[in-house]
Amino acid sequence: MKRRLIFICTTLLIFTSTSVTNISAATDTTNHRDEKRAVKFFNKIKNFNYKLNQQLAQKTKSAINKFKANSQSVEEKSDNLKIYWSTFINKINYLKNDQLEIYVTKEFKSLTHKKRAQIVDSVQRLALSHLEDFKAVTPYRSKTGLAASIFCDGDYLGRSLFLDNSNFKWND
């Protein structure tokens with residue numbers, strides 16, 4: 001009995017002193033190649049948005065100069081949207097899922113829905129013309145345009161319809 005007790009005690013002593021705890025090293029599950037590819041893609045989108053907004057600023061500047069030279073009224077400006085459409089746009093953001101965020105001026109709210117649609121169509125065409133340099137654009141996408149969400153002073157103003165990007169739903 002004494003031997004058995006000594007045997008159990010030594011076994012427990014040996015077991016507790018030499019027990020190996022399984023510590024698994026934390027494995028890095030991120031794929032750095034995918035992460036680098038994503039960062040590279042987002043940098044491309046950032047550069048694309050910068051170039052797109054630069055082009056918009058140039059169009060706006062030339063339209064404002066033409067407007068001042070002709071000294072027209074604001075009503076005439078809204079009547080001739082082929083020239084002055086860019087003056088109603090503050091900023092354009094292209095998103096990775098082929099959508100546009102369009103930020104407009106307060107004057108945009110006073111326009112009719114038809115004129116608003118013409119302006120957004122012009123923005124879509126501008127974005128599509130630059131998008132061909134960024135990535136391939138299908139003929140269907142060129143024909144239908146990009147999905148767009150329109151914002152004015154931080155408020156959601158409207159969006160293009162789900163399967164018809166040339167028609168819009170306005171929230172006013």
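Being a predicted model, the structure only gives us computed values, none of them experimental.
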*Output the distance between atom CD1 (I45) and atom CG (L52), rounded to the nearest 0.5 Å.*
12.5 Å
_Within this structure, what is the CZ-CG distance for the pair F88 and L111, rounded to the nearest 0.5 Å?_
4.5 Å
*Given the rule in the side-chain contact (heavy atoms from CB on, under 4.5 Å) test, do D34 and R37 qualify, once you have shown the distances and angles that lead to the verdict?*
CA-CA 5 Å; D34 289 342; R37 187 182 311 144; 3.7 Å; yes
*Which atom of V120 lies closest to which atom of F108, heavy atoms considered*: CG2-CZ, 4.2 Å
*Determine yes or no for a side-chain-to-main-chain donor-acceptor pair under 3.5 angstrom, with S110 supplying the side chain and K106 the backbone.*
no
*Evaluation steps, side-chain contact (heavy atoms from CB on, under 4.5 Å), between I89 and T105*: CA-CA 6 Å; I89 307 297; T105 63; over 6 Å; no
*Under 3.5 Å: donor-acceptor pair, side chain of N53, backbone of I92*: yes
*Taking everything shown except Y156 itself, do over 12 heavy atoms lie less than 6.0 Å from its OH?*
yes
*Could you check if a side-chain atom of W85 sits within less than 4.5 angstrom of a side-chain atom of Q118, using non-hydrogen atoms only?*
no
_Please determine whether residues L146 and F41 belong to a single hydrophobic cluster, defined as Ile, Leu, Val, Met, Phe, Trp and Tyr linked transitively by side-chain heavy-atom distances below 4.5 Å._
yes
*Spell out, yes or no, whether L95 and I102 are grouped together once hydrophobic residues are joined by side-chain heavy atoms under 4.5 Å, including indirect joins.*
no
*Rounded to the nearest 0.5 Å, what's the gap from CZ on R116 to NE2 on H113? Could you check?*
5.0 Å
*Show the numbers, then the answer: is there a side-chain contact (heavy atoms from CB on, under 4.5 Å) between H32 and E35?*
CA-CA 5 Å; H32 294 291; E35 189 176 315; 4.3 Å; yes
*When rounded to the nearest 0.5 angstrom, what distance separates CG in L56 from NZ in K59?*
9.0 Å
*Taking the side chain as every heavy atom from C-beta outward, state whether Q58 and Q55 have any pair of such atoms under 4.5 Å apart.*
yes
*asked:* Using a 3.5 Å distance criterion without hydrogens, assess whether the side chain of S160 forms a donor-acceptor pair with backbone atoms of A148.
replied: yes
*In Å, rounded to the nearest 0.5 Å, how long is the span from CG of D121 to OG of S166?*
7.5 Å
*asked:* Return the CZ to CG distance between F168 and L157, rounded to the nearest 0.5 Å.
replied: 11.5 Å
*When the ring planes of F151 and Y103 are compared, do they come out parallel, tilted or perpendicular, using 30° and 60° as the limits?*
parallel
*Taking the side chain from Q124 and the backbone from N165, do they hold a donor-acceptor pair closer than 3.5 Å?*
yes
*Do K96 and F42 touch side chain to side chain, with heavy atoms closer than 4.5 Å?*
yes
*What's the shortest heavy-atom distance between T60 and T87, and which atoms?*
CG2-CA, 4.1 Å
*Would a hydrophobic clustering, with Ile, Leu, Val, Met, Phe, Trp and Tyr connected at side-chain separations under 4.5 Å, put L161 with W170?*
no
*Working for side-chain contact (heavy atoms from CB on, under 4.5 Å), residues K51 and H130*: CA-CA 8 Å; K51 289 177 183 177; H130 288 284; 5.6 Å; no
